[in-house]
Amino acid sequence: MIDNLVIVESPAKARTIEKFLGKEFQVKSSMGHIRDLSKKDLGIDIKSRYKPKYIIPDDKKKVVSELKKLVKEAKTVWLASDEDREGEAIAWHLCEALNLNKENTRRIVFHEITRNAITNAIKNHRGIDYNLVDAQQARRILDRLVGFELSPILWKKVKPALSAGRVQSVAVRLIVEREREILNFKYISYFKISAIFKVKDKNNRIYELKAEIQDKIESEKEVLELLEKFKIATFTITDITKKPSRKTPSPPFTTSTLQQEASRKLGFSVSQTMTIAQRLYEAGKITYMRTDSVNLSDTALHAVKEVVSREYGDKYLNIRKYKTKSKSAQEAHEAIRPAYPAKQTISGNNAEKKLYDLIWKRTIASQMSDALIEKTTVTIDISNANEKFLATGEILTFDGFLKLYIESTDDEVDENSKGLLPPLSVNDLLIPVTITATEKFTSHPPRYTEASLVKKLEELGIGRPSTYAPTISTIQQRGYVIKQDKAGYERKYILLELTDNNINKEVNTEYVGTVKAKLFPDNIGMIVNDFLVRYFSDILNYNFTATIEEEFDEIASGKKNWTDMIDRFYKQFHPKVVTTLTKSEPSKGDRHLGEDPETGKPVIVKMGRYGAMAQIGENTSKDNEEKPRFASLRKGQNMESITLEEALQLFSLPRNIGQFDGKDLIVSIGRFGPYIKHDSKFYSLKKGVDDPYSIDIERAVEIIKEKQEKDKNKIIKSFKEEPELMILNGRWGPYITYKKKNFRVPKKTDPNSLSYEDCIKIIKEVEERKKSPEK
DNA sequence: CAGTGAGCGAGCTTCCGCTTGACTT
């Protein structure tokens, strides 16, 4: 018999709490939700006021049966799930699934895991908040209705196995629209003029001063006119202004900001960050990693205060309470912080150490003083022009939190100004050394990274800390979005320089536009997005979630009935589903590119069963008509921007480029990339070196000979006893192959020394190990 | 391992949010 059973959501939390509570308390975890809507069908009885059909999923059956057993033995059950919509629903589902009775069941909540907080919570127990539960049910059911009614439309009208949902479809929309913005972006060039001046101080010491004209100059002609004027101009300092400013540290990490900083500073993907954070959490090194709160508990603040005072002195201490900006935040947890702020470093692997270091610094810095900066702006008048040169300098008068932590940004840094200015005074005369006009270009908005997409979603109030990483991976899995690098290109720019009264013009090249790990929409993502935006613009609206969240809040505060809300939504949503299913044309992204010059037949691109393709000729049912010809688009080719020429080129494969050893050489592109087929064998073309559309016979023969040479060295040893057993040289070193299965040759073993018996022994050992996994 | 794309129809796919392991290479 146990006196008290406490149920929390996570096992790591259960372990820590158990330490605080005495022997009379046993703490167990539910591992999140224990019931969900049935997955076999819609899981909602529309006709009976949207009655949900809840089941216990297979992977939760074990947890539930264990909890049931413990409940029977317990005098009192304490439901200690999180204090938000989902947490309240978990508590309620536990009541239902475990048949808890009101007399000995209590609902408690606590925001921090300290003895005080927990004993307080136990003193202030309450019952289940059914309004909050209803708000969760409304959220759950709306998401199910949207997801399970929209997805099948896509299967029918676009392609099987696609998906749509309140969160993922908007995430895809952001990426699609950003890409179109980039495709349609027109670069505008302009000029920026900067100068290096010489200036003398009272003691005739000479200093250099860099200054810039703030305004953009539109044309080269205007630049030349200005430079001509500068030849005879005098430059005078007319104003020196000093302005103090301050920088404030960023608040402690939430899931979203941790993902962003880990991406920028450490190059982690969103899911990498979460996996590493999970390990740190389970090891008791950080607090919970799925949170939207920037709040630190009093205990944490106290510990941070000690660290700052000890390490940097009280001058650097500034205890602050941060407030969340995000409206959607439910703040069931603390911010992400070190469990023990006094610990600056931890043991663990490299990634864990780095992420911990980031969290530690951010947490400590958040309680440190502002950095004080003095910014000086020097205005330089030009005697014969209205433009003004400005020189700016920045000095740090007090470093404050910057001693420890500098937040990075997605934006490019302003490389001008900064640093210390030479001693100057008003009316000083400046002698120009060189005045340079550089041609610049406006730049398109950046593509999203995983982390910047999370940031945007959070701003829109879409998704939750626990779903950011899964959402990002879903939209990639469905093929809507690809994370990839893109090579830059060379761009020419004009440089005009005025030195010693001579104007010199140069045209230089710069390499721009290289991007890494950015999110690009794929063809199917664009087609699905356009379809959904066309027929379900309300759900694809960026404000849809924010609007329904307000209604969920009203349900939570008891002002609204959840079935009424869902009913109103469904009555306008479902008819659209029906009409779209019956009336809309299949949407394959068809685009007519022009006519094939050889046959005069139309050339189109569309989405086929196996991806984007080009087609010459129409589909006809008549037997006498020729079947259309098909060719897949190549990776990275965009249905929206592909030209007729590019599409026609796809049909030039397979290409017969001649003969070698009396057999044809056929070049084509297969599932694994471009290849040469010769004597019914396949030879891959080298990535980035060979082009299947232009490769010639000499190079093809070279590739074939190279491969044959390699294959010759492939067999290290074969055996008379068993022709199916061989030792081969592979990509990762020697290996044994036997009946189509491969086995690694143990390290530090000379493969030539292995006998037939040795090989059989190795194979048997591996097979044995597979059958009986240790532990 | 080295393209496929007609049309028919069976049977499959799918959401968001809360949580961990269980898997494979």
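Here is how names work: the chains are called A, B, and so on, in the same order as the sequence lines, proteins then strands, and each is numbered from 1.
Electrostatic pairing of Asp36(A) and Lys60(A) does not count as a salt bridge here, judged by no charged N lying under 4.0 Å from a carboxylate O. Looking at Arg290(A) and Asp82(A), no side-chain N of the basic residue comes within less than 4.0 Å of a carboxylate O on the acidic one, giving no salt bridge. The pair Lys28(A)-Glu66(A) does not meet the salt-bridge criterion, since no charged nitrogen lies less than 4.0 angstrom from a carboxylate oxygen. With respect to Lys53(A) and Asp41(A), a salt bridge is recorded, a charged nitrogen being found less than 4.0 Å from a carboxylate O.
Within the 4.0 angstrom heavy-atom criterion, only backbone atoms of the sugar-phosphate kind lie near Gly463(A); the bases stay farther away. Ala89(A) comes within contact range of no nucleotide atom at all, as no heavy-atom separation falls under 4.0 Å. Nucleic acid contact for Gly43(A): none, since no nucleic acid atom lies under 4.0 Å from a heavy atom of the residue. Counting non-hydrogen atoms under 4.0 angstrom, Lys677(A) reaches nothing in the nucleic acid.
Put simply, the side chain of Ile472(A) does not reach to within 4.5 Å of the side chain of Ser271(A), judged on heavy atoms. Using a 4.5 Å heavy-atom threshold, the side chains of Tyr683(A) and Val667(A) count as separate. Between Val270(A) and Leu453(A), every side-chain heavy-atom pair lies at or beyond the 4.5 Å cut-off. Gln136(A) has its side chain out of reach of Glu88(A): every pair of non-hydrogen atoms, C-beta onward, lies at least 4.5 Å apart.
A residue-by-residue look at Ser632(A) and Phe682(A) shows that Phe682(A) has its nearest nucleotide of DNA chain B further toward the 5' end.
Atoms CG (Leu457(A)) and C1' (dC16(B)) sit 13 Å apart, rounded to a whole Å. With rounding to whole Å, Glu86(A) atom CD is found 5 Å from dC18(B) atom P. Residue Phe552(A) contributes atom CZ, which lies 13 Å from atom P of dC16(B) at whole-angstrom precision.
Checking Arg140(A), Arg139(A), Arg464(A) one by one against Glu86(A), the salt bridge (Lys or Arg N to Asp or Glu O under 4.0 Å) holds for a single residue, Arg139(A).
Across residues 147-159 of chain A, Gly147(A), Phe148(A), Ser151(A), Pro152(A), Trp155(A) each have a non-hydrogen atom less than 4.0 Å from an atom of DNA chain B (numbered order). Within residues 586-593 of chain A, no residue approaches DNA chain B, by heavy-atom distance under 4.0 Å.
Between Lys68(A) and Ala97(A), the shortest heavy-atom contact is CE-O, 3.3 Å.
Remark: Phe148(A) engages no residue in a ring pair (Phe, Tyr, Trp, His ring centres under 6.0 Å) (not counting sequence neighbours).
Dashed line: the shortest gap from a side-chain N or O of Gln168(A) to OP1 or OP2 of dC15(B) is under 4.0 Å. For dC16(B), the OP1/OP2 oxygens have no side-chain nitrogen or oxygen of Arg139(A) closer than 4.0 Å. Put simply, Arg478(A) has a side-chain N or O that comes within less than 4.0 Å of OP1 or OP2 on dC15(B). The shortest distance between the side-chain N/O atoms of Tyr468(A) and the OP1/OP2 oxygens of dC18(B) is not below 4.0 Å. Ser163(A) has a side-chain polar atom (N or O) that falls below the 4.0 Å cut-off from OP1 or OP2 of dC15(B).
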In dot-bracket, 5' to 3', how would DNA chain B read with Watson-Crick or G-U wobble pairs under 3.5 Å, [ ] for crossing ones and | for pairs to another strand?
.........................
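Checked by distance alone, Arg464(A) brings no side-chain donor or acceptor within 3.5 Å of a matching partner on the base of dC18(B).
The closest side-chain donor-acceptor pair between Ser163(A) and Arg478(A) falls under 3.5 angstrom. Residues Glu458(A) and Gln259(A) bring no donor and acceptor atom of their side chains to less than 3.5 Å of each other.
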Taking only nitrogen or oxygen atoms into account, show me every contact under 3.5 Å that the protein makes with nucleotides 20-22 of chain B, one pair per line with its distance.
from    : atom 1 : to        : atom 2 : distance (Å)
dT20(B) : OP1    : Ser10(A)  : OG     : 2.9
dT20(B) : OP2    : Gln278(A) : NE2    : 3.1
dT20(B) : OP2    : Arg290(A) : NH2    : 2.8

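Sorted by first and then second residue, the salt bridge (Lys or Arg N to Asp or Glu O under 4.0 Å) pairs with a member in residues 147-171 of chain A read Asp143(A)-Arg166(A); sequence neighbours excluded.
You'll find that the side chain of Arg140(A) is closest to dC15(B), out of dT4(B), dC15(B), dC18(B).
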